[in-house]
2 protein chains.
Amino acid sequence: MTAAIGLSDNHIQAFLRSSQDSSGLLAQYGVRMVYARGEEIYAQEEDADLIYQVVSGGVRTSRLMSDGRRQIGAFYYPSDVFGLERGVEHRFSAEALGDCVILVGKKAALNLAAGHDAVERFVSQAVAQDLSRMQDHLLLLGRRTACEKVASFLLDMADRAKGNTAELIMGRQDMADYLGLTIETVSRMVTQLQAAMIVEFPTCRQFAVRNRPALQRLGG
Amino acid sequence: MTAAIGLSDNHIQAFLRSSQDSSGLLAQYGVRMVYARGEEIYAQEEDADLIYQVVSGGVRTSRLMSDGRRQIGAFYYPSDVFGLERGVEHRFSAEALGDCVILVGKKAALNLAAGHDAVERFVSQAVAQDLSRMQDHLLLLGRRTACEKVASFLLDMADRAKGNTAELIMGRQDMADYLGLTIETVSRMVTQLQAAMIVEFPTCRQFAVRNRPALQRLGG
DNA sequence: CGCGTGTTTGATAGCAATCAAGTTCTGTGG
DNA sequence: CCACAGAACTTGATTGCTATCAAACACGCG
């Protein structure tokens, strides 16, 4: 799983533990939890001031409408912090994409243990990242075509993996619910991008970027 | 303008100034600025740690793609705080919808003047609201039909005005760019909702909710 | 009153959803 | 190791919603 972004578990642990900045906060004071594929990490209506950080595996946040339509809010990879979006009442739930390890900490407890400032820096940095990603997501959903959505998504995944190849930790349905498309349309666009020699999928969960400029023209 | 949400400027001033909570922070320590209709409050690439609060009038945040497509991130009404979305680099710009008055404060200066805790409470509350609204917006853009989008929007506007009537501070193009639709489709859906006796538009900027349950069934 | 901007309405086209099979992949048990 | 069942993915045919193109209509303002 961690191989998907090109880092070993050891590297990530080292990074999470580094105390130069506040990014190791949860590694020091959080509780380590293990979730199985599909398991719920928190529910749509539950309320608590918990902060989460991915160690290995991946997480999605999602919201289900009464008629079954679903929107995925974001995908989180190792080192990403999530669970911040639940202010007064939170509206999205979080689920494990595959088997994964998550660090969990209570904000109030972290304040006591690590100091108010460190927690604030930690949280506000995570919030800034979340807001920024969410803005990109808004533009994607509102103003891009199906082809652009998929291109943009693959570009984003490749960038997170810091390379031209990446392993997708989610299936087509999750991609569709993130992009505001149907599973069939996602599949067709992937086929189309492959036919255009822009990306290559050895398997449906792995891909390589073959023509990055073209991909950027579509999705950047 | 302030009449749009059913509060006089005096009421708003009183509210903004109240020192029981941190909501009067900018009223005490911020600078009062006046912007004309359409004027830019901050640009897409500019970077500064300024916080803004609407006193009267309204504000939109928007992002423009190179080919002219535009996505509006949010609309802000009197007492709303904005400008928080610009973490590392901010991607949206903010413009005045009509002539409006805005309070502006530098975060660093506010920390000195009002204390770290007060500023943090102020900011984190505003961030929570922003995140929550943004999540609703994501669902709206990704998984709702044109009719549902417009219904949801009108419901939201009526709720913000705390009543069954409201004055829209934005035109059809702004609505369209917020909802991820074209101006023609927005217009058609408004006509349709009117024909169904669900809402009524005396003028294109004013409306009354006639059948709230029906509107909620569509947009809730 | 006439112009310009903003909105509505109409006709048509096109993209993505839906409905419907196939095909590949994955995990399990023989 | 192979055979099989179920799930996930892909492909095809068709429909339908929303965009696009085009024109008429309202409203505010000089």
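Residue numbering restarts at 1 for every chain, and letters A, B, ... go by the order of the sequence lines.
A distance of 10.0 Å separates CZ of A:R160 from NZ of A:K162, quoted to the nearest 0.5 Å.
Listed candidates were C:dA16, D:dA8, D:dT10. Nearest to the side chain of A:T145 is C:dA16. In the set D:dT10, D:dT18, C:dT18, the nucleotide with an atom closest to the side chain of B:A146 is D:dT18. Distances were taken from every side-chain heavy atom of A:S187 (C-beta onward) to each of C:dG6, D:dT10, C:dT9; the shortest belongs to D:dT10.
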Go through the steps to decide whether A:V34 and A:E39 satisfy the test side-chain contact (heavy atoms from CB on, under 4.5 Å), and finish with yes or no. CA-CA 10 Å; A:V34 178; A:E39 203 175 339; over 6 Å; no

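Taking the six-membered ring where tryptophan is involved, the planes of B:H137 and B:Y178 are essentially parallel, since the angle between them stays under 30° and well short of 60°. Taking the six-membered ring where the residue is Trp, A:F75 and A:F153 present perpendicular rings, their angle passing 60° and hence far from 30°. Between B:F82 and B:Y52, the ring-plane angle classifies as parallel under the 30° and 60° cut-offs.
The residue among A:R143 and A:F201 whose nearest nucleotide of DNA chain D is located toward the 5' end is A:F201. Taking the nucleotide of DNA chain C with the nearest heavy atom to each of A:C147 and A:C204, the more 5' of the two is matched to A:C147.
Between the CZ atom of B:R205 and the P atom of D:dA26 there is a distance of 19 Å, given to the nearest Å. Atom pair A:L179:CG and C:dA17:P shows a separation of 10 Å (rounding to whole Å applied). Atom CE of A:M170 is separated from atom P of D:dA8 by 15 Å (rounded to the nearest Å). Separating the CG atom of A:L181 from the C1' atom of C:dC15 is a distance of 11 Å, rounded to the nearest angstrom. The nearest whole Å value for the distance from the CD atom in A:E184 to the P atom in C:dA16 is 14 Å. Distance CG (B:D174) to P (C:dG6): 10 Å, rounded to an integer number of Å. As rounded to whole Å, 13 Å separates atom P of C:dT8 from atom CZ of B:F207. As a whole-Å value, the separation of A:I183 CD1 from D:dA7 C1' is 10 Å.
Remark: A:R172 is in phosphate contact with D:dT10, judged by side-chain N or O atoms under 4.0 Å from OP1 or OP2. In terms of phosphate contacts, B:T182 brings a side-chain nitrogen or oxygen within less than 4.0 Å of OP1 or OP2 of D:dA19.
Residue contacts shown for B:T191 are limited to sugar-phosphate atoms, with no base heavy atom under 4.0 Å away.
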